[in-house]
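Reading through the structure tokens given below for one structure.
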Amino acid sequence: MKRDAAAAAAIGGLAGATWAAGFREYMSALSGRDSEVTWYGTFAGVLAPAAAVGALFGWAEHRRRTGSNLPYRRAIAAAPVVIGVLPLTKRGAIETLRSNGQGSAAGAVALAAIGGGYALAGRGPGWTRILTGVLAAAVAAGTAASVPTIGGRRLSLATPRGALTAVLGAGSVLTFALAASVPFRGWEARDVRDARDVRDAGGMHDDRDVRDAHNERDDSAS
């Protein structure tokens with residue numbers, strides 16, 4: 001069981017780092033020649049936190065699939081905020097943000113991922129899911145629309161490079177939202193049965209896990 005959880009976290013971490021590398025290339029395409037790659041700014045400030053968040057999501061998905069209770073669910077759901085904050089620890093990032101707003105995109109994408117994840121999970125009042133889903137979609141559309149706005153003729157959507165950059169930006173937001181939906185998701189009735197079957201077979205689950213699964217299912221229905 002622990003080995004499976006570690007494997008799920010490792011896969012999630014790899015997916016998170018790969019996602020961050022792709023989104024970093026989107027930002028690099030917008031910046032053009034002004035873009036720079038550094039050990040701290042790129043690897044420590046972008047790839048590392050994304051890998052950590054991905055690992056948390058992978059572990060959370062493992063817990064969900066095995067019918068186990070997810071501790072610190074709200075904290076894990078809010079974890080994408082780290083991806084929006086850590087890039088601002090780079091030297092001069094705050095001053096740049098204040099002067100021209102550069103660096104705010106990561107924060108917007110992180111919040112859109114949380115909102116979109118909440119909407120995709122299908123839990124909670126319908127109007128809140130619609131609202132957060134619309135806002136997330138707006139951010140995704142904004143990442144695509146900003147390509148020719150920032151890149152000019154070099155990244156016109158009529159060119160293959162501009163269109164590719166727009167797809168990469170919007171796709172990054174949407175895939176992040178899909179991943180961020182994991183902590184918000186509840187368990188279906190079959191997950192409760194699976195948890196009980198594992199317990200009856202001598203697995204690691206106990207009555208508390210089954211009760212937690214029932215509670216999650218009831219919350220999902222509400």
Quick check: does any side chain N or O of Ser31 sit under 3.5 Å from a backbone N or O of Ser28, one acting as donor and the other as acceptor? no
Which atom names give the shortest non-hydrogen contact between Ile76 and Phe57, and what distance separates them? O-CE2, 3.5 Å
Common cluster, Val53/Met27, ILVMFWY with side-chain heavy-atom separation under 4.5 Å: yes
Quick one: does Thr132's side chain have a donor or acceptor within less than 3.5 Å of a partner on Arg129's backbone? yes
Leu168-Val173 co-clustered via ILVMFWY side chain contacts under 4.5 Å: yes
Could you note down all residue pairs passing salt bridge (Lys or Arg N to Asp or Glu O under 4.0 Å) where residues 17-37 supplies at least one of them, sequence neighbours left out? Glu36-Lys90
ILVMFWY network linking Trp39 to Val46, side-chain heavy atoms under 4.5 angstrom: yes
Gap separating the OH atom of Tyr26 from the OG1 atom of Thr143, nearest 0.5 angstrom: 4.5 Å
Checking the side chain of Arg154 only, and the main-chain atoms of Ala29 only, is there a donor and an acceptor separated by less than 3.5 Å? yes
If we ignore hydrogens and angles and just use 3.5 Å, is the side chain of Thr66 paired with the main-chain N or O of Arg63 as donor and acceptor? yes
Just to verify, what does Thr159 make a side-chain hydrogen bond (donor to acceptor under 3.5 Å, both in side chains) with, not counting sequence neighbours? none
Atom pair CD (Glu61) and CZ (Arg185), whose distance is rounded to the nearest 0.5 Å: 8.0 Å
Determine, using the 4.5 Å side-chain heavy-atom cutoff (strictly less than), whether Val109 and Leu174 are members of one ILVMFWY cluster. no
Please tell me if the side chains of Leu155 and Ile150 come closer than 4.5 Å, counting only heavy atoms from C-beta onward. no
Point-to-point distance, once rounded to the nearest 0.5 Å, from CG of Leu164 to CG of Leu157: 11.5 Å
Rounded to the nearest 0.5 angstrom, the CG-CD1 distance for Leu135 and Ile130 is 12.0 Å
For the side chain of Tyr118 and the backbone of Gly124, is there at least one donor-acceptor N/O pair under 3.5 Å apart? no
Side chain Arg64, main chain Val182, donor-acceptor under 3.5 Å: no
State, to 0.1 Å, how close Ser156 and Pro148 come at their nearest heavy-atom pair, and which atoms those are. CA-CB, 4.3 Å
Nearest atoms (heavy-atom pairs only) where Tyr40 meets Thr89: OH-OG1, 2.8 Å
Ignoring hydrogens, what is the shortest heavy-atom contact between Gly45 and Leu86? Give both atom names and the distance. O-CB, 3.8 Å
On a heavy-atom basis, the closest approach of Pro49 and Phe43 is CD-O, 4.5 Å
Over all atoms of both residues, closest heavy-atom pair of Ala20 and Ala50: CB-CB, 3.4 Å
When rounded to the nearest 0.5 angstrom, what distance separates CZ in Phe184 from CG in Leu120? 10.5 Å
